Amino acid sequence: MNTHRIALIPGDGIGPAVTDAAWAVLSAAGTSAELESVRFDWSCAHYEQTGAMMPVDGIETLRAFDAILLGAVGWPAEVPDSVSLHGLLLPIRKAFVQYANIRPHRLLRGVQGPLKSDNFDILCVRENTEGEYSGAGGRVHQGTSDEVAVETSIFTHKGVERILRFGFEQARTRRGKLASVTKSNAQRHSMVFWDEITAKVAADYPDVEVSSYHIDAMAARMVMSPESLDVIVASNLFGDILTDLGAAIQGGLGFAASANINPDRTAPSMFEPVHGSAPDIAHLGIANPMAAIWSGAMMLEHLGETVAASRVMAALETVTAGGVGTVPGKDKTDTITAAVLGALR
Ligand code: IPM
Ligand code: MN
């Protein structure tokens, strides 16, 4: 029997609880190849002990795996987010060229969203390695009244073109619509560049209906008529913001799944819920594991385990349709996990 080797990085806060839940479900999903895991306790606690979020050879260690399942990173009471995220999550996305961050936004059966509209099905494709997150910049005259801070967005032709192509390919497998999001009315260099590349790539996909939106208008559209949207492609920061909005309209962060994909498969891809470490509820046992389980299903899909992935999604929706795990904080993590395991059997 073949094996899928998975690196588990449970991380901080509710990360371990939801990762355990997801792993239990994935292990019971009936995959065609055996699932094998190695657990890495890289986290803010690890930072406190060693002075680093992960060992210096952490990236090289992870490279040997078929995929990474991550819980959450961040414990701001002890380690500033600017340190913890740049020491673990963000370097993995960049080093493994996980340039496509994909986040599905739809209501699981039985989940009540805040909007009147409940029949939307959006896939947000977020650029994940450059743009506003490129890390270029610095501070001078620090601590004086003359202090200056510069944070430069970097958009490369290669980076913009490949994320758009990825989005167009996704649109082809869905309802054939792509919305490209910029702010080219105000940002006339990088965003006009993005619009030009959109037009160029669109010529290769005459079967896909393309529209361009400014980020502000897209924020309104996602609330007012989300059913009009199919695939959204956005830059790193714009995608970050729009996907929290997407999480809100799908009932909350407890349902928001994501995949950091290296489409060329030159390095492992990483799967993680969008919610983060949620320090406020970290010890209450009420973290919703749905987002982590859904992210796990995306991992199975990526590993070619499409049947097992559908089985997990069907089990999730059987549970939500029965009203378990649909109201934030109502059901325990363990109760929801047991219900999903029950539905799988
Ligand atoms: C996300 C998160 C991260 C991001 C943070 C924690 C750096 O908000 O995955 O959406 O901005 O990418
Ligand atoms: Mn975010």
Side-chain angles (χ1 to χ4, degrees), residues 9-16 18-19 22 42-44 46-47 53-54 67-105 122-137 151 153-155 159 163 181 215 218-219 222 232-262 268-282 287-288 290-292 294-296 298-299:
I9 308 178
D12 299 299
I14 63 171
V18 299
T19 306
W42 302 342
S43 57
C44 290
H46 186 271
Y47 182 92
M53 293 296 292
M54 65 174 156
I68 303 161
L69 188 65
L70 182 135
V73 180
W75 197 254
E78 265 142 45
V79 184
D81 282 342
S82 57
V83 172
S84 59
L85 276 321
H86 284 273
L88 189 54
L89 180 71
L90 299 174
I92 296 174
R93 288 178 179 170
K94 284 183 189 167
F96 293 153
V97 206
Q98 296 166 349
Y99 68 78
N101 187 324
I102 59 178
R103 299 182 166 183
H105 301 298
I122 299 172
L123 185 70
C124 193
V125 173
R126 165 186 176 189
E127 202 293 318
N128 211 30
T129 53
E130 57 171 44
E132 307 87 344
Y133 281 51
S134 66
E151 183 110 26
S153 300
I154 293 182
F155 289 88
I163 195 63
V181 176
I215 172 87
M218 177 55 82
M222 283 177 71
I232 296 176
V233 185
S235 67
N236 212 332
L237 182 62
F238 288 178
D240 177 48
I241 297 165
L242 289 179
T243 55
D244 260 35
L245 179 54
I249 67 172
Q250 75 188 127
L253 280 157
F255 300 102
S258 89
N260 302 271
I261 303 282
N262 170 326
S269 294
M270 175 167 65
F271 301 81
E272 50 157 344
V274 179
H275 49 58
S277 61
D280 51 330
I281 59 156
N288 192 341
M290 299 255 170
W294 189 344
S295 305
M298 294 171 83
M299 182 177 84

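Because the structure is predicted, anything quoted here is derived from the model rather than measured. Order of listing sets the numbers, starting from 1, for every ligand and every atom in it. Numbers here simply count residues along the sequence, with the first being 1.
- Checked against Leu242 for a side-chain contact (heavy atoms from CB on, under 4.5 Å), the options Leu237, Ile215, Ile122 give a single hit: Ile215.
- Residue Asp244 does not count as close to the Mn ion (ligand 2), with no N, O or S atom under 2.8 Å.
- Separating the CG atom in Asn288 from the NE2 atom in His275 is a distance of 7.5 Å, to the nearest 0.5 Å.
- Near Tyr133, the atoms of ligand 1 lying under 4.0 angstrom from a non-hydrogen atom of the residue are 4 (C), 11 (O), 12 (O).
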Please assess Glu132 against Ser134 for the test side-chain hydrogen bond (donor to acceptor under 3.5 Å, both in side chains), listing each intermediate value before the final yes or no. CA-CA 6 Å; Glu132 307 87 344; Ser134 66; over 6 Å; no
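- Within the listing of ligand 1, atoms 1 (C), 9 (O), 10 (O) sit less than 4.0 angstrom from a heavy atom of Arg103.
- Between the Ser295 side chain and the Glu272 main chain, a donor and an acceptor come within less than 3.5 Å of each other.
- The closest approach of Asp240 to the Mn ion (ligand 2), by N/O/S atoms, is made by OD1.
- When heavy-atom distances to ligand 1 are checked against a 4.0 Å cut-off, His275 has no atom that comes that close, whether in backbone or side chain.
- Nearest residue to atom 10 (O) of ligand 1 from Asn128, Leu70, Val274, Asp240 is Asp240 (criterion: closest heavy atom).
- For the side chain to side chain donor-acceptor pair (under 3.5 Å) test with Tyr133, the passing option among Asp240, Asn236, Asn128 is Asp240; the others fail.
- In the vicinity of Leu85, heavy-atom distances shorter than 4.0 Å reach the ligand 1 atoms 6 (C), 7 (C).
- Every atom of ligand 1 with a heavy atom of Arg126 under 4.0 Å away is listed here by number and element: 1 (C), 4 (C), 9 (O), 10 (O), 11 (O), 12 (O).
- Rounding to the nearest 0.5 Å gives a distance of 14.0 Å between CZ of Arg93 and CG of Asn262.
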